[in-house]
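Written out below as structure tokens is the structure these notes cover.
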Amino acid sequence: MALTGELTWKGLTVSNAHLRVMNCYHRVVDVSTEDEDGNVTWSKVLYADYSARVYATAEAYAANPDNGLYTISGTFTPSVENGANLNIVKQTYEHLKTLADYDDLTDA
């Protein structure tokens with residue numbers, strides 16, 4: 001899977017950009033909150049951390065996956081709701097399509 005479409009990079013238009021998720025992983029963070037009476041409540045918060053690389057074209061990726069134009073990284077809250085696609089890679093691509101720089105890209 002990948003995302004493809006037109007991107008602007010360093011002022012240049014990349015007509016057939018190819019974005020590939022390189023890695024992603026889950027982590028759980030224990031978070032505490034304290035109410036006004038001083039009672040502490042603990043909960044778990046899920047995060048998904050990822051990195052993805054952008055290539056000039058799909059052919060550039062196929063020729064040398066180490067030669068991307070640039071790499072991005074980020075974090076989002078993955079869905080674990082009933083009926084959600086629990087594939088973390090798929091969720092990462094869906095998250096990337098919500099970001100302003102990548103919202104015009106489509107599934108390749």
Side-chain angles (χ1 to χ4, degrees):
M1 179 170 200
L3 299 178
T4 189
E6 185 175 289
L7 288 178
T8 301
W9 176 66
K10 294 187 176 184
L12 301 171
T13 299
V14 182
S15 299
N16 296 308
H18 187 77
L19 185 150
R20 297 271 308 192
V21 170
M22 303 310 287
N23 68 55
C24 56
Y25 60 93
H26 288 106
R27 64 186 164 98
V28 178
V29 177
D30 291 314
V31 178
S32 67
T33 55
E34 186 174 341
D35 66 18
E36 38 196 57
D37 295 328
N39 299 314
V40 175
T41 304
W42 287 90
S43 61
K44 297 188 180 303
V45 179
L46 297 176
Y47 294 100
D49 301 308
Y50 65 89
S51 67
R53 195 168 289 155
V54 176
Y55 301 87
T57 62
E59 294 76 20
Y61 164 73
N64 186 347
D66 289 334
N67 245 358
L69 296 173
Y70 63 97
T71 300
I72 60 173
S73 61
T75 300
F76 68 96
T77 302
S79 176
V80 293
E81 296 295 321
N82 288 338
N85 183 341
L86 299 180
N87 179 329
I88 191 62
V89 176
K90 177 70 174 165
Q91 285 193 38
T92 302
Y93 281 112
E94 293 302 319
H95 164 74
L96 286 164
K97 291 189 290 186
T98 68
L99 303 177
D101 289 344
Y102 310 105
D103 61 356
D104 289 332
L105 299 181
T106 58
D107 295 341

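Every residue was checked against the side chain to side chain donor-acceptor pair (under 3.5 Å) condition with D66, not counting sequence neighbours, and none meets it. Every residue two or more places apart in sequence or in another chain that forms a side chain to side chain donor-acceptor pair (under 3.5 Å) with E94 is listed here: K90, K97.
Y70 and R53 form no side-chain donor-acceptor contact under 3.5 Å, judged by distance and modelled atom types alone.
By the rule that hydrophobic residues join a cluster once side-chain heavy atoms approach within less than 4.5 Å of another member, V89 and L105 end up as members of one cluster. Both L99 and V14 are part of a single hydrophobic cluster, where members link through side-chain heavy atoms under 4.5 Å apart.
Minimum heavy-atom separation, T75 to Y50: N-CE2, 3.7 Å. Of all heavy-atom pairs between T4 and A17, the closest is OG1-O, 2.9 Å. Residues Y93 and M1 approach most closely at OH-O, 2.8 Å, considering heavy atoms. Of all non-hydrogen atoms in A52 and L96, the two that sit nearest each other are CB-CD1, 4.4 Å. Nearest heavy-atom pair, Q91 versus P78, reported as atom, atom and distance to 0.1 Å: OE1-CA, 3.2 Å.
Dense packing is recorded around CD of E34, with more than 12 heavy atoms of other residues, nucleotides or ligands lying under 6.0 Å away.
Side-chain atoms of L7 and V54, non-hydrogen and from C-beta on, do get closer than 4.5 Å to each other. The shortest distance between side-chain heavy atoms of H26 and Y47 does not fall below 4.5 Å. Annotation: side chain of T41 is not in contact with side chain of S32 (no heavy-atom distance under 4.5 Å). With contacts defined as side-chain heavy-atom distances shorter than 4.5 Å, the pair Y61/N67 does not qualify. The shortest side-chain heavy-atom distance between C24 and D49 does not fall under the 4.5 Å cut-off. Taking the side chain as every heavy atom from C-beta outward, V31 and W42 never approach each other to under 4.5 Å.
When the options L69, I72, D101 are evaluated for a side chain to side chain contact (heavy atoms under 4.5 Å, CB included) with L19, the one that passes is I72. Looking at N23, V21, T92 one by one, the single match for side chain to side chain contact (heavy atoms under 4.5 Å, CB included) with S51 turns out to be N23.
Remark: the backbone N or O of A60 is paired with a side-chain donor or acceptor of T57 at under 3.5 angstrom. In this structure, D37 contributes its side chain and N39 its backbone to no donor-acceptor pair below 3.5 Å. Listed for the E6 side chain is no donor-acceptor partner under 3.5 Å among the backbone atoms of T13.
Going from atom CG of N64 over to atom CD of E59 covers 14.0 Å, rounded to the nearest 0.5 Å.
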**OP:** For the pair L3 and T106, evaluate side-chain contact (heavy atoms from CB on, under 4.5 Å) and give the outcome as yes or no after the intermediate values.
**Re:** CA-CA 5 Å; L3 299 178; T106 58; over 6 Å; no

